[in-house]
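The next block holds one structure in the form of structure tokens; read it before the comments.
Residue numbers begin at 1 in each chain, while the letters A, B, ... track the order of the sequences. Since the model is a prediction, treat every value here as computed from it, not as a measurement.
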Amino acid sequence: MNNNEIVDLLRQIADMLEIKGEVIYKTLAYRRAAESIESLGRDLREVWQEGKLREVPGVGAALEAKLDELFRTGRLAYYERLQEEVPAGVVSLLAIPEVGPKTARLLWSKLGLLSVAEVEQAAKQGLLRKLPGLGERSEQRILAGIESLYRRSDRIPLGVAWPVAVELMAALDAAISPDRIETAGSLRRMRETIGDIDLLAAAKDTAAVTAAFARLPQVAEVLGQGPTKASVVLHNGLQVDLRVLEPPHWGAALQYFTGSQAHNVALRELAQKQGLSLSEYGFRQGEQEIACPTEEEVYERLGLAWVPPELREDRGEIAAAREGRLPDLVTLAQIKGDLHLHSTWSDGAATVAEMAEAALRRGYEYLVISDHTHSLGVANGLTWERMQAQRAELAEVQARFPALRLLQGAEVEIKADGSLDFPDELLAQLDVVVASLHSGLRQEGEQITARALQALRNPHVDILGHPSGRLLGQREASALDLGEVIRAAAETGAILEVNSIPDRLDLDDAHVREAIRAGVRIAINSDAHSVAGLDSLRYGVATARRGWAEAAHVVNTLGAAELLALLARRGGSGG
DNA sequence: GCCGTTTTCGGCCCGACTGTTTTCAGTCG
């Protein structure tokens, strides 16, 4: 059982318990444990082998015993008993918006409905309105919920949502210029994927802002519009929710609507212990209302330092904020160069000179041209002969752009047998070697892990590119054992990449954090295949920030000389 | 079922909205 399967299982148990009508806190305990395991960044089985399950937040004696049973036998008797009480079909009804545990149970016990399709049919026959507590309106809402379930698209990558949000905020600003406008929700936290785009604005006349928003040319359909809230669908199909409030409530509201939910719950528990009640309007102490015009004031009143949105996942940031040990997160401005990008020599759209000029415009000190190597034929990968020709061109371009240190690297194929595309003596002549897996991604865990380890142990290899190989929404991560990879990187001093392509963001946030804990350095690279692709770096930086990365953990915050010295210390390449 | 900056037992987040209701239950974020 891997982490994902265990997380799914725990969430299913939580749903079943809720449908059964178990005390809600038991349900919440399972959900909390599931979230905690989801963001663990390492294989739970390893934690179990080390006998440290209890150190995972949200895992107590009872869950430790259940997880132990799962790992030992691959089964869980408790779950199997629950399944007999609550069929999987009932749980599946929870996917319908408007249907919660109580309604699901009702639909099952009174009508025997066990699938979304059966509920749809029953609703169309007018059977739901006869149930106790439901009426005609509820029946219509459930039908509408099923409709939206059918047409609901998957979560969209951060890199798709972000530019759309920026454009919308500019358009709203031009139309009516509210006092404040800001992203909220998972977008502000820079999660790798986003459900809906959440925006927040502050203005005296809130209704004027929602009205102006609904009239923006980007809007295709207005789902709902009131004085403080508007929900729309854009022409590109994305849903956007805008909330507008009066300026004195800005801080509390921004905090509240940024989430995450788990983070907010933890803050409220903290408030309660101090005799306060916290909501999106501010604090309340008895009859006294305490508005918070800024987010800082919300945290300050709780005795906490302001927490960067990327950390607000209830993964230990609240304790860190209390104890003054929040990380000083790496910023885009601290990045001094890009170590992985492509040119027209392989499958890039821009020439070396165009990329160099674009890098200078972004204030970089150095740039590593790291085109594909020959095994990756589809990408026009370079033979060693072409590498030498490219080196001559790099020298010419370097002469034209003296302010930029132009380095020659390569994204070298790790072949199916674990060997690399160039022999060591040639790798040694490159400034930076990124080694990547592009083929054999479906190999068994042991085999593909062995390939990656072989590459990491080669002293000429500096960076492991997009380690997991996942493509968000398209391809699962390979069976690569990232725990092993992180250990090997820690031993050998190899660097792990955070690839900034919006579909990759690989390493992900949880593994960035795990790598940093293990003392591994990371490189945040654009893997750009065009000039515009360089700008994806912000998403890689965001992912690293979500993994608690500081500048000291990120090699491309170093100057060129320091970076090359670091690479040279490790082994063959580097100058 | 978890957990300890008032607790190893008794707590465990807040408000809006909606619908079926005469004061509340369910769902959602």
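Residue-to-nucleotide contacts include a donor-acceptor pair under 3.5 Å from the side chain of A/Tyr256 to the base of B/dG29.
A/Asp314 has its CG atom 17 Å from the C1' atom of B/dG29, to the nearest Å. Rounding to whole angstrom units, CZ of residue A/Arg312 and P of B/dG29 are separated by 20 Å. Taking atom CD1 of residue A/Ile37 and atom P of nucleotide B/dC2, one finds them 11 Å apart after rounding to whole Å. Note: NZ (A/Lys273) to P (B/dC13) measures 10 Å, nearest angstrom.
Within 4.0 Å of A/Gln272, counting heavy atoms only, lie sugar-phosphate atoms of the nucleic acid but no base atom. Using a 4.0 Å heavy-atom cutoff across all strands shown, A/Leu278 reaches sugar-phosphate atoms only and no base atom. Backbone-only engagement by A/Ala61 is indicated by non-hydrogen atom pairs under 4.0 Å involving sugar-phosphate atoms exclusively. Using a 4.0 Å heavy-atom distance criterion, A/Ile96 is classed as a sugar-phosphate-only contact. Across all strands, A/Arg129 comes closer than 4.0 Å to no nucleic acid atom at all (heavy-atom distances). As judged by a 4.0 angstrom heavy-atom cut-off over every strand, A/Ser277 is placed among residues touching the sugar-phosphate backbone only. Using a 4.0 Å heavy-atom criterion, one finds that A/Gln261 contacts the bases of the nucleic acid, with or without backbone contacts as well.
The phosphate of B/dG15 (OP1 or OP2) has a side-chain N or O of A/Arg284 nearer than 4.0 angstrom.
Using modelled atom types, one finds a donor on one side chain and an acceptor on the other under 3.5 Å when comparing A/Asn264 with A/Gln255. Checking A/Glu120 against A/Tyr150 by side-chain atom types alone, a donor-acceptor pair falls below 3.5 Å. In summary, the side chains of A/Asp241 and A/Ser231 do present a donor paired with an acceptor at a separation below 3.5 Å, with no hydrogens or angles considered.
Between A/Arg188 and A/Glu295 there is a salt bridge, since a side-chain N of the basic residue sits under 4.0 Å from a carboxylate O of the acidic one.
Taking every side-chain heavy atom of A/Leu63 into account, B/dC2 is the closest of B/dT7, B/dC2, B/dC12. The listed nucleotides are B/dT5, B/dG19, B/dC14; the one nearest the side chain of A/Arg322 is B/dT5.
Spacing between B/dC13 and B/dT6 at atom P, rounded to whole Å, works out to 15 Å.
Nucleotide B/dT8: unpaired (no Watson-Crick or G-U wobble partner with both distances less than 3.5 Å).
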